[in-house]
Structure formats: C-alpha cells, structure tokens
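Here is the structure we will look at.
A note on names: the letters A, B, ... follow the listed sequences, proteins ahead of strands, and every chain is numbered from 1. Computed from heavy atoms alone, side chains included, the values below leave out hydrogens, waters and symmetry copies.
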There are 2 protein chains.
Amino acid sequence: MASAAGVSISTASKALNDTGRMGAETRERVKRIAGEIGYRPNALARGLLSKRSFTIGLLTNDTYGRFTLPVMAGISDALVDHGVSVFLCAIEDDPALAQTHVDAMLDKQVDGIIATGKRLDRRLPVDLSNLHVPVVYAFTEGTQNSVTFRSDDEQGARLAVEWLAKIGRRRIAHVTGPEDFFSVRERAGAYHQVAGHREPVLYGVWSESWGHDAVEQLWKRPGEKPDALFCGNDQIARGAVDALRERGIKVPQDVSVIGFDNWEIVAAQTRPPLTTVDMELKELGRQAGLTVLALAEGRPVEPGVRKLPCRLVVRQSCGG
Amino acid sequence: MASAAGVSISTASKALNDTGRMGAETRERVKRIAGEIGYRPNALARGLLSKRSFTIGLLTNDTYGRFTLPVMAGISDALVDHGVSVFLCAIEDDPALAQTHVDAMLDKQVDGIIATGKRLDRRLPVDLSNLHVPVVYAFTEGTQNSVTFRSDDEQGARLAVEWLAKIGRRRIAHVTGPEDFFSVRERAGAYHQVAGHREPVLYGVWSESWGHDAVEQLWKRPGEKPDALFCGNDQIARGAVDALRERGIKVPQDVSVIGFDNWEIVAAQTRPPLTTVDMELKELGRQAGLTVLALAEGRPVEPGVRKLPCRLVVRQSCGG
DNA sequence: TGAAGTTGGTAAAAGCTTTTCTCAGTCAAC
DNA sequence: GTTGACTGAGAAAAGCTTTTACCAACTTCA
C-alpha cells in the first residue's frame, strides 16, 4: 500500500486522484512513490464503492464468431480507453447456459450488457428486458424500448446493385439465402427496387454449394443468361464463381459477381477476389460499446433501432 | 439485502453458505426468503475479502479468431461451472495495447491469465513472467518454468500420413507453409519419418493460391506424379483440390488430399469435403482453463510443455 | 490580542460479504 | 441450586478505496 511509503491512506488517495487539498510537494511525492512501487488501486474495492465495475458483458449465440468477432473488436477498441474490460460469453442457443452466464455477469456487477448474435431477426434465448443494468442490442433483435444497432441491409443491397448497374450490367440475378431471414427479404426488396423484376431471385441456403447449384439452374434455363450475380453472402458468391469458371464463363469479363459480408477468408481467397458489401460490424460494435457506456454513466440515450450504413469493398469480381 | 427480510447480516450469510451454527428452521427460512427476493451476493465484495475474483483473462494476438475461438470455447466450457468468467482481450501484436489490457486485468484482480496466439513458436508482445497471478500458455510460446499447452503436430502429421499409407497411397507429397514455422518443420519431420524421402516437401505460404500453385509445380515436373497430397493446412488443401479438379484429376479417386486444422468453413465446404487433422483446440482450452484454476486455488501444477494429441477427421477427400 | 479564515493533513464512514468472537439462554449433571 | 457444556444468533473486524468531516496550525485583519 502506498500509504506505507509516505502519508495517510486518505492523503494518498487524494494525491493519486488529484482531489482534495494538499501541498503540491506532498502530492508529487506520493505520486512518485506510488509509481516506484508500482501501486495500482484494487478495482474491486473501487467498484464496491462507486457502483461501477468498469466491466461489461458481451453475450452471443454466434459460436463461430463470424459476426461476433468484429463486433467484439469494435467494442473493445472503443472501451479500452475508458478502462472497461469485456466478458465474452458464448451461449449456444442454450437458455440454461445463457441464464448461467447472465447471472454470473450480474453477480460481478457488470456496468452493462451487449447482446449480439448471428441473425438480425432472432432473439437471444434469454430475457434481458428487466435487468437493473443497461442492455444494448447489436446485430440481434432487441426488445421494446431498447437501443438496437443493426446494419442497413437495404442500403447495402442498393449499393451492390447500383454498382453493377453503373458498370453496365443489365441482367442482374439475385442468389441469396433462406427467405425467412429478414435481411434476405430486405435485400431482395432493395434489389427489386433498383434492378426491377426482369431477373429472378433464387432463395436457398447460405452455402457455397447452393451458389454452385444456383448457377447451374440459371444457365440451364432457356433464353438470355444473366450478366451479373448479386449474391446473398460471400460463400454463395464463391460457389457461384467456381461454377461459372467450370462452365468456362469468365468472371468478371462475362459475368460480374458481387458478394455480401466481406468475410475476408472467403472473399479475398476467391479467384478472382470478391467485390462485396461490408456491414461495418466493427463500427457497429464500437457504437454499441459507447452507447452502453453512456447508459451506464446515466447519460440519456434515445431508444430505437439505429441502422448503420454498409460499405462497398471493390475487389476484382465485378470488373468495371 | 436478505437481512432486511429476517435476521442479522451475519446469520443470513451463514445460512446461505451453509456455514456456522444455527437452527435448521432459521436456515431454511433465510434461504427461502433470499430466493423469493432474488438476492444474489455481490461478487465484488466477496472477491475483496476472499482474494478471488472468479475472473480470468484471455489474452490473444489472433485477431481473426481462427485459433482463439475454439480455445475460448473450451476455457469457458470448463470454467462456467466454477462460476468463473473470462475477459477476452485481443491485442494485435501491439505491445502498448497488450500492456494496457494486462494492467486492466490485473487491476480487476483476475485470478489468472491464459495467453494464446496464432503460432506455437512466437511469444505475445508482453512479458507475463513476473506477475503475481498464475499464467498458462495455450497454443503460444511460454516462458521458462511455465505451463504450456500445445498440439502434438508431430503426432498429427503422422496420423495423416499413416492414414494415406493405410489406404494404399505410396507417392505422398507434402505441401505446407513457411519453413520458419516450428510446426511446419515438426510436421515435415514426421512426414519424412513415415513417408520417407521419395517425394518432395514444398514450402510456401498459408493460402489457397499456394496450394493451387504447388499442384501446378508438382504436375509440371517430369516423371511419376504423386498419388496423395498431405497439406499443411486446410486452405492449402482446398487450393490443391481446386487445382487438381481443373486439371481433370479426380479427388479422391486419382489423388488423395488431406488437410490440417479442420477449419470447418474451409474443410467442409471444399468439394469433396476435406479429410483433415483436428488439433483439438477446444480440449486444449479446457485443460488450460482447469490448469489456471488449479494454480489460482494454490494446487500444485507441474511446469512444462504438454502436448495434446490431434485427431483425424475423415471426410471424403481421401477415399479409402 | 482576539476573531475569522486558510491550509495541509488525518480520522472515520461507507460500500457488501465472510469469518471470528462473544454473549445470552437452555439444559444436564452434580 | 450452582457449575459446565452447548446452542442459536448477533456484534465486530477485515478486505481496499473514496469521500466527508474534522482538527490543528498558521495567517490575516480589526
């Protein structure tokens, strides 16, 4: 304890926190000695008093981390400067496990909780609506009167289709995931708005093989073929690119392909690398982090859903 | 506070913890009322006294999460039953950031730290050797006299090559990552032990395109071609499979391909899905978690490097 | 010279648990 | 009827900080 090396406990505390009245010389001396002996205040004791643990919990059901990791990076990035650490709790759609984790976080007096997931239109399997700590939802369905951050899939889809139109593509098909996903419907809506109804929307699953199969279907039909594919995610896009190559169709010369998600490991390794839409999940995490911090500090935050714009990442699968 | 609903503070505490002397009837009543009002003890106050925060820190420089996520899952899985929560701190090879995170964890009185990374033969850019909390290394280079968990890459490689031999392959080539990786050398050593020196080892980088190029190189050489490829990771394997298909060579009929890592997103989406070696990172995380807990509780743990066996995951890229 | 204000610092309380110590009451035994 | 053992429960301390209240010494002013 720093007091051993100088003055009383209270004087030491005031010296280190730049509060209270005392001689400048005393203050300096205490600070110096604290530095020398490497004194660091115990955050537990501090938290006990201040009711702030400088700790938040991140709850996710995205075991694979595809969405959670960027969100986590953004949160951590935003909060590390404020001395806030993050408990990561992966619950795998298991309500009991989720409750266990929430209870553990609450016991540890987290200042707030951020709930995130792998799907915009699904809830986590645990009720967070009546906790006495603030809760912010990021990339998962929130409750009434909560603060929710999500990507603007409509704008993202428009970005993609408008890009294809801009580089001269006219017969743009949309190959995407299961229709019961909210974001699938939203993207498809934006697609129709921009591209019209000339080409079909093919609903399927989120896999490469579906992308592959979809190309087979499209090219087996009679009549003119698409000159561009707007895919629901990068995996579908990759499957599509592979299928096109196998058919001897050149990407991007003959057909432009655009993905969604900007999942580096897929998008960058595809040949050619995929032009795709990035949902800016890190930024989403950053804002969620700052928001939960604001709520924890009692600053007012307007409830509601905040849509964050997507960004087009241009690589080589579109040409133009 | 439960005491409001019955007896004194100390009696309440003793009742809930099943300690001290008191009437069975009183104990029951306190427990019941505590349950009714949803009382949960404040872990901060408890930690202040017991010197145990039931919190550990996980430090990683693996931004992408390829290795960290399974390790994290294992740790969490092992420790959630003990009421321990995990701070995840992603430091991106940034020493200052790493120190910030370590300081924050120490302030929060973590019971221990697990260091993990993306490479067995590299250290994290921060010195953890003289902390007053236990440190366990998992999938990253540890310090003298520390406890380190790692995969047994030699055994994993042997598993792969022996499998290829068992299904009748005789000309097994090894396409792998950069030779300065320790695990690359270790796997190559095991490969030579089992397969001899008839076929070459091709060192390159950890990417699909290298797998692709390596096949080009191998098949451009004069003389007999390999009938099996043991690849250094799943991405290389995938690139190789794609290249073979483009050359009209059938996998697994003509050539067997085996990967390493069992990275689902790559291994399972390859056509055909990859047979590969799983490093059991989740199990590794689990053991690291239990070990750091043991150390935190003062139980003795033998220092040293613990190699965990790998497991062969058979899919369809080898036939046999 | 006495009153009022200023300065530099300490003592103590509060925050929530757990643990140890103490105390009043009960019962059995001599 | 007094002593000793035992029982059930509460008081208090400890764990580490921060904050408030307080005190002694010194300065300023009338």
Rounded distance (Å) that lies between atom [atom2] of [N] and atom [atom1] of [X]:
X      : N      : atom1 : atom2 : answer
B:L44  : D:dT17 : CG    : P     : 13 Å
B:E25  : D:dA9  : CD    : C1'   : 13 Å
A:Q109 : D:dT17 : CD    : C1'   : 16 Å
B:D18  : C:dT19 : CG    : P     : 12 Å
A:M22  : D:dC26 : CE    : P     : 19 Å
A:L48  : D:dA14 : CG    : C1'   : 13 Å
B:R52  : D:dA14 : CZ    : C1'   : 19 Å

Which of the following nucleotides, D:dG8, D:dC16, D:dG10, is nearest to the side chain of A:N42?
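Between D:dG8, D:dC16, D:dG10, the one nearest the side chain of A:N42 would be D:dC16.
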
Has A:R150 got its NZ or CZ under 6.0 Å from the middle of the six-membered ring of A:F139, at an angle within 45 degrees of the ring axis?
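Negative - A:R150 is either too far from the ring of A:F139 or too far off its axis.
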
Using a 6.0 Å distance limit plus a 45 degree cone around the ring axis, check whether A:R52 lies over the aromatic ring of A:F54.
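Judged by the rule (NZ or CZ under 6.0 Å from the ring centre, within 45° of its axis), A:R52 counts as positioned above A:F54.
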
Should B:E280 and B:R311 count as an ion pair when the cut-off is N to O under 4.0 Å?
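A salt bridge links B:E280 with B:R311.
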
Is there a donor-acceptor pair closer than 3.5 Å between any side-chain N or O of [X] and the backbone N or O of [Y]?
X     : Y     : result
A:T55 : A:S53 : yes
A:T63 : A:E92 : no
B:T60 : B:D62 : yes

For A:T26, which contact category applies under a 4.0 Å heavy-atom criterion: base, sugar-phosphate, or nothing?
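Sugar-phosphate contact only.
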
Give one of base, sugar-phosphate or nothing for B:R40, where a contact means two heavy atoms less than 4.0 Å apart.
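Sugar-phosphate, no base atom in range.
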
How far does the helix from C:dT1-D:dA30 to C:dC30-D:dG1 bend, going by the axes of its first and last five pairs, to the nearest 10°?
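Between the first-five-pair axis and the last-five-pair axis there is 70°.
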
Judged by each residue's nearest nucleotide on DNA chain D, which is more toward the 5′ side, B:A45 or B:A24?
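It is B:A24 whose nearest nucleotide is closer to the 5' end.
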
Give me, pair by pair, the N or O atoms of the protein and of nucleotides 18-24 of chain D that are less than 3.5 Å apart, along with how far apart they are.
from	atom 1	to	atom 2	distance (Å)
D:dT18	OP1	A:R46	NE	3.0
D:dT18	OP1	A:R46	NH2	2.7
D:dT18	OP2	A:S13	OG	3.0
D:dT18	OP2	A:N17	ND2	3.3

Under 6.0 Å from the CG atom of B:D180, do we count more than 12 heavy atoms belonging to anything else shown?
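Yes, enclosed.
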
Are side-chain N/O atoms of A:S129 and A:D127 paired as donor and acceptor at under 3.5 Å?
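Per modelled atom types, A:S129 and A:D127 side chains form a pair under 3.5 Å.
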
Between A:S13 and A:S10, do the side chains contain a donor N or O and an acceptor N or O under 3.5 Å apart?
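Side chains of A:S10 and A:S13: no pair found under 3.5 Å.
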
According to a strict under-4.0 Å criterion, is A:S8 in side-chain N/O contact with OP1 or OP2 of C:dA11?
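It does not, given that no N or O in the side chain of A:S8 lies less than 4.0 Å from OP1 or OP2 of C:dA11.
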
